[in-house]
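Structure first, then comments.
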Amino acid sequence: MQALLKQEKLLLLAVVAVVIAYAAGDRLTVHGAITAAVATALLVIAIICASQRVAFHAEQLAHRLGDPYGTMVLTLSAVLVEVVVLGIVMSHDTSPTLVRDTIYAAVMLDINGILGLAALMGGIKHGEQSYNDDSGRVYTVMILTAMAISMIVPEFVPRDRWHLYSGFTIFIMIMLYAVFLRMQTGPHSYFFSYAYPEKRRRAATPPSRGPDTLWSVGLLVVGVVIIGALSEVMAQSLNVSLEHVDVPPAFPALVVALISASPEILTALRAALANRMQSVVNIALGASLSTVILTVPLMEALALYTGQPFEMAMTPIQTMMVLVTLVVTAINLNDGQTNAIEGMTHFALFATFLMLSALGL
């Protein structure tokens, strides 16, 4: 029991944060912007702690399932955390661009931040790192297609017909994901795996026991519930903080994207340093694709339900950054090997994204 509590100390820390936050109540927001800002920072840290454990148990399930199912569990768990946090923040922030900015920030963070930093660090340590180039091509074309349909084309849709295009977007995103899922888990599953030499020398992993799997699933669900409870308080303190602090308009979107991507960052870096670039590609690009192709229909369905449309069309500079990112990704991930130079190109784009965000662009 003591070993279990030690292993789950981050989740217990998040539970303690929930108890303190709800016991404090309005005192987190009625004592001025400084108190609210400090509370927001601490709550974000607690949410990240809980999301780390969600990612850990998702990773345990992933190891038992193996690729490509395992990577799918990892990316879906990350999207679940993002949707929960985004939905709660939206209930307190009426900005019509929050969904768009969050998806845009998540794609920049996943592709340019995670993939760039992982390829840079892995390249410095191992030189060229191999992966299945089919996965890079499939992910890139799927992300480009999904973002064009859901976040570029809406700029040209008349305002009085937004509900028709929202319905179409929901339908086409579900169709895209269904076909992609069939391909990823069916006849083309080999696109998303790579036969590392050390795998053939390693003894086969014994089948996992049922109770272990159920335990991971249970703690994953508990973690998501805790994240939702913390996000409710965090959204309130964040709003109070933003009323008195001059920050870029996209700051709430960056917070949501960082929360959802934080577990993936550590997982991808560990994989890169272990010379397993296929896992990095699957995590970074899979998370980006899942963010667009799953978050968009959920948010569009919410917009149709409430009758209040979101501003999904990206700004010109956002569109330019996405297109440049995907062009660079298509070129870099076309030969089955990454290196530090390719990683640096993505990381430079990520730094540019942060600079533009700081400038309010």
Side-chain angles (χ1 to χ4, degrees), residues 54-55 58-59 61-62 64-84 86-87 99-100 102-104 106-107 110-111 131-154 157 162-194 217 220-221 224 260-261 264 278-279 281-305 309-310 312-314 322 326 329-330 333:
V54 168
E59 194 171 352
L61 293 172
R64 296 181 184 112
L65 294 173
D67 283 332
Y69 297 96
T71 302
M72 186 173 62
V73 170
L74 285 172
T75 55
L76 289 178
S77 66
V79 170
L80 178 60
V81 170
E82 182 179 40
V83 169
V84 168
L86 177 58
V99 175
R100 179 199 70 190
T102 298
I103 295 174
Y104 167 68
V107 171
D110 288 332
I111 299 180
Y131 63 93
N132 189 335
D133 56 339
D134 286 323
S135 60
R137 286 194 291 267
V138 171
Y139 277 128
T140 303
V141 72
M142 288 289 291
I143 294 170
L144 178 58
T145 301
M147 293 200 75
I149 292 172
S150 62
M151 302 181 70
I152 297 178
V153 173
V157 176
W162 71 269
H163 56 286
L164 296 177
Y165 193 77
S166 290
F168 167 78
T169 301
I170 294 171
F171 172 76
I172 205 67
M173 290 296 108
I174 292 174
M175 290 294 294
L176 278 172
Y177 188 68
V179 173
F180 176 77
L181 192 61
R182 176 72 178 89
M183 181 180 71
Q184 189 182 32
T185 60
H188 294 88
S189 60
Y190 64 91
F191 279 12
F192 307 94
S193 61
Y194 184 82
V217 171
L220 191 152
V221 173
V224 171
S260 64
E264 298 164 0
Q278 184 62 55
S279 295
V281 172
N282 286 350
I283 290 170
L285 298 188
S288 296
L289 178 60
S290 297
T291 295
V292 180
I293 214 166
L294 295 178
T295 305
V296 166
L298 287 172
M299 294 300 105
E300 291 286 7
L302 179 61
L304 288 174
Y305 176 76
F310 300 117
M312 294 301 297
M314 292 187 293
V322 167
L326 293 177
T329 303
L333 299 184

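The distance from atom CD1 of Ile143 to atom OG of Ser290, rounded to the nearest 0.5 Å, is 9.0 Å. Atom CG of Leu289 is separated from atom CG of Leu294 by 7.5 Å, given to the nearest 0.5 angstrom. Note that CD1 of Ile293 is 9.5 Å distant from CD1 of Ile172, once rounded to the nearest 0.5 Å. Annotation: the span from Phe180 atom CZ to Thr145 atom OG1 amounts to 12.0 Å, rounded to 0.5 Å. Here Asp133 contributes atom CG and Gln278 contributes atom CD; the two are 9.5 Å apart, rounded to the nearest 0.5 Å. To the nearest 0.5 Å, atoms CE (Met147) and CE (Met314) are separated by 4.5 Å.
Between Val179 and Tyr177 there is no side-chain heavy-atom pair separated by less than 4.5 Å. Considering only heavy atoms from C-beta on, Tyr165 comes within 4.5 Å of Ile149 through its side chain. Annotation: side chain of Leu86 is in contact with side chain of Met299 (closest heavy-atom distance under 4.5 Å). Between Leu285 and Leu333, some side-chain heavy-atom pair lies under the 4.5 Å cut-off.
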Requested in this report: Determine, stepwise, if the pair Leu164 / Trp162 fulfils side-chain contact (heavy atoms from CB on, under 4.5 Å).
Outcome: CA-CA 5 Å; Leu164 296 177; Trp162 71 269; over 6 Å; no
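Val292 approaches Ser150 most closely through the heavy-atom pair CG1-OG, 3.9 Å. In this structure, Ala106 and Thr291 approach most closely via the heavy-atom pair CB-CG2, 3.9 Å. Among all heavy-atom pairs drawn from Pro154 and Ala148, the shortest one is CD-O, 4.4 Å. Minimum heavy-atom separation, Met312 to Arg100: O-CG, 3.5 Å. Closest heavy-atom contact between Pro309 and Ala303: CA-CB, 4.2 Å. Across all non-hydrogen atoms, the minimal contact from Leu326 to Thr140 is O-CG2, 3.6 Å.
The side-chain contact (heavy atoms from CB on, under 4.5 Å) test with Tyr139 singles out one residue from Ile111, Leu144, Asn282, and that residue is Asn282.
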